[in-house]
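Notes follow once the structure below has been shown.
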2 protein chains.
Amino acid sequence: MIGTMAFDTIETPYGKVEMVIGGACTYAAWSASFYTNNIQVVSIVGEDFPTSEIELLESRGVDSAGIEIVEGKKSFFWSGKYHDNMNSRDTLVTDLNVLADFDPVLPDAYNKPSFVMLGNLTPEIQLKVMDQLESKPKLIVLDTMNFWMDVAMDSLKKAISKVDVLTINDDEARQLSGEYSLVHAAEKIHAMGPKILVIKKGEHGALLFYNSELFYAPALPLAVVKDPTGAGDTFAGGFIGYLAKTDDISYGNIKRAIIHGSAMASHCVEEFSLDKIKTLSSEDVDARLEQFKSLTQFDL
Amino acid sequence: MIGTMAFDTIETPYGKVEMVIGGACTYAAWSASFYTNNIQVVSIVGEDFPTSEIELLESRGVDSAGIEIVEGKKSFFWSGKYHDNMNSRDTLVTDLNVLADFDPVLPDAYNKPSFVMLGNLTPEIQLKVMDQLESKPKLIVLDTMNFWMDVAMDSLKKAISKVDVLTINDDEARQLSGEYSLVHAAEKIHAMGPKILVIKKGEHGALLFYNSELFYAPALPLAVVKDPTGAGDTFAGGFIGYLAKTDDISYGNIKRAIIHGSAMASHCVEEFSLDKIKTLSSEDVDARLEQFKSLTQFDL
């Protein structure tokens, strides 16, 4: 998987944390590590990124050979403030730092992955990574955001055309397709390449469009949501981690992967940064999955 | 069931219809009529309300003895315009007309219902109807809205304290409870009286809080949503109609009732006014239920 590793300063109605560990790849790798101990990470950090954090990831089965550490430079930094409803936020600071020069070269051992997660980065970088793969993976997942639709739609569409799964939110699906109805949006996005579209709806859950099949995984209503940062990345990590573990991309298993991703994301938001994810037991993971099952299952 | 019968003028991105049949009770009665032919309606209309519409309802098992027809006056009229996203609307006209003097007196035959639906009206009227019941119903459902929380919170709380099921949307649950988290909001609302809280989330589905149990029925993503008017009332009608038909208020059956209500609401919004509901076959109803099942069911 490829994505950012970063520092975040985050303010929510529950408090403020400064310079905590963040980044899409960090969240996704932690989440996937509950399913597999064979995770190859491609990222870039500055000399300020704690060695202990990388060692902690290594202890969970993460290969850090693809993490470039740039001496004399700082790691990517993001700062944001969430509004009272937690559904919207203001970005206060985005310091690209090392990310500005990110030009990933996959280590030799990385060239034949079965499952690939392309985190939210410039479409050019996502394309470059795909170009370096020596064999066709079983499944490529691409995450992106409205910003790249605004400034790099052509290369984004090129990247999207090469992947199997696209993960975006509902507004982004509308922007990308030009269709308000998500059913029509999915049809147009399928025609762009990805057979599988996952629409992330935050507290309203996630929608899966798998060819002509439709599956809706609600989010678990939680008593306390302290910090939504990283929820989407934690979802993606659980999703692809579960698929890698089970090595099965049938519709039924993709549905299960959506539930696993949703369950991991529900843990993530209950504490700031990675605080809850880092202390989760496999019993916690299993118990939450059972909650998702009872949340949605019925007999007609 | 008690509620409005009215005329609506509705504009959405799909078009405009003028002076079409509307009203919460009309939608709910039509929806319930797919489940039972024993529906006692309490409402009020002016001399302008078409006799043919009342006869049509009678042909579906609706007892119209409780529909007061006021000579020389007009029916309740509502006009609204939906925004492009269909999730918000502007009310352009609200002419109470006959509704201003509504003082419902239940016909003798109506005094011992098993299932009661109190549509969105002043809490005083909802209380008056409950006072006229001679025996305790198996289940009373109350629907209300933010307006009554703004202008009549005390009598609304009194009405809520006497019912089993409260149906409101997520913002209203927050306003009523003073809690942002819906989990905490549900705890406070349970303490006000209703053991069962149904939170309607429109295109995001419906949440059921049944004592300490939690169930999430997603809405079916639709290719075309022409007119959301009446969706909540159609949901309520299907919900209570199914419960009346099955005469079972266990948790498992309440969950099924939520799915039946959601399925009926999904039909409602596909055409203006009651146009689709009036032409539905039982095969259409069954097929849509199966879609809801495949939308949400998975094996872990």
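Quantities reported herein were computed from a predicted structural model and do not represent experimental measurements. Residue numbering restarts at 1 for every chain, and letters A, B, ... go by the order of the sequence lines. Scope of the values below: all heavy atoms of this structure, side chains included, with no hydrogens, waters or symmetry mates.
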Which bit of [X] is near chain B, if near means a heavy-atom gap under 4.5 Å: side chain, backbone, both or neither?
X      : result
A/N253 : neither
A/A217 : neither
A/K255 : side chain

To check you understand the geometry: which heavy-atom pair defines the closest contact between [X] and [Y], and what is its length?
X      : Y      : value
A/A219 : B/Y216 : O-CD1, 3.5 Å
B/Q297 : A/Q297 : OE1-OE1, 3.0 Å
B/S294 : A/F215 : O-CD1, 4.3 Å

Original post:
With B/D247, which residues qualify under salt bridge (Lys or Arg N to Asp or Glu O under 4.0 Å), at least two apart?
Top reply: B/K138
Original post:
What part of B/L289 gets closer than 4.5 Å to chain A, counting heavy atoms only: side chain, backbone, both or neither?
Top reply: both
Subject >> Side chain, backbone, both or neither of B/T296 within contact of chain A (heavy atoms, under 4.5 Å) >> reply: both
Original post:
Does CG belonging to A/D84 count more than 12 external heavy atoms closer than 6.0 Å?
Top reply: no
Subject >> NZ (A/K81) with more than 12 external heavy atoms under 6.0 Å >> reply: no
**OP:** Identify the residues of residues 222-229 of chain B whose heavy atoms come closer than 4.5 Å to a heavy atom of chain A, ordered by number, or report 'none'.
**Re:** B/L222, B/A223, B/V224
Original post:
Does a side-chain heavy-atom distance below 4.5 Å link A/L214 with B/Q291?
Top reply: no
Subject >> Pairs flagged by ring-ring contact (aromatic ring centres under 6.0 Å, His included) wherever residues 264-300 of chain A is involved - sequence neighbours left out >> reply: none
Original post:
Going from CG on A/L295 to CD on B/E213, what distance comes out if it is rounded to the nearest 0.5 angstrom?
Top reply: 11.0 Å
Original post:
Residues of residues 179-200 of chain A under 4.5 Å from chain B (heavy atom pairs)?
Top reply: A/Y180, A/S181, A/V183, A/H184
Original post:
Any idea which of B/L220, B/L300, B/L208 has the most non-hydrogen atom pairs under 4.5 angstrom with chain A?
Top reply: B/L300
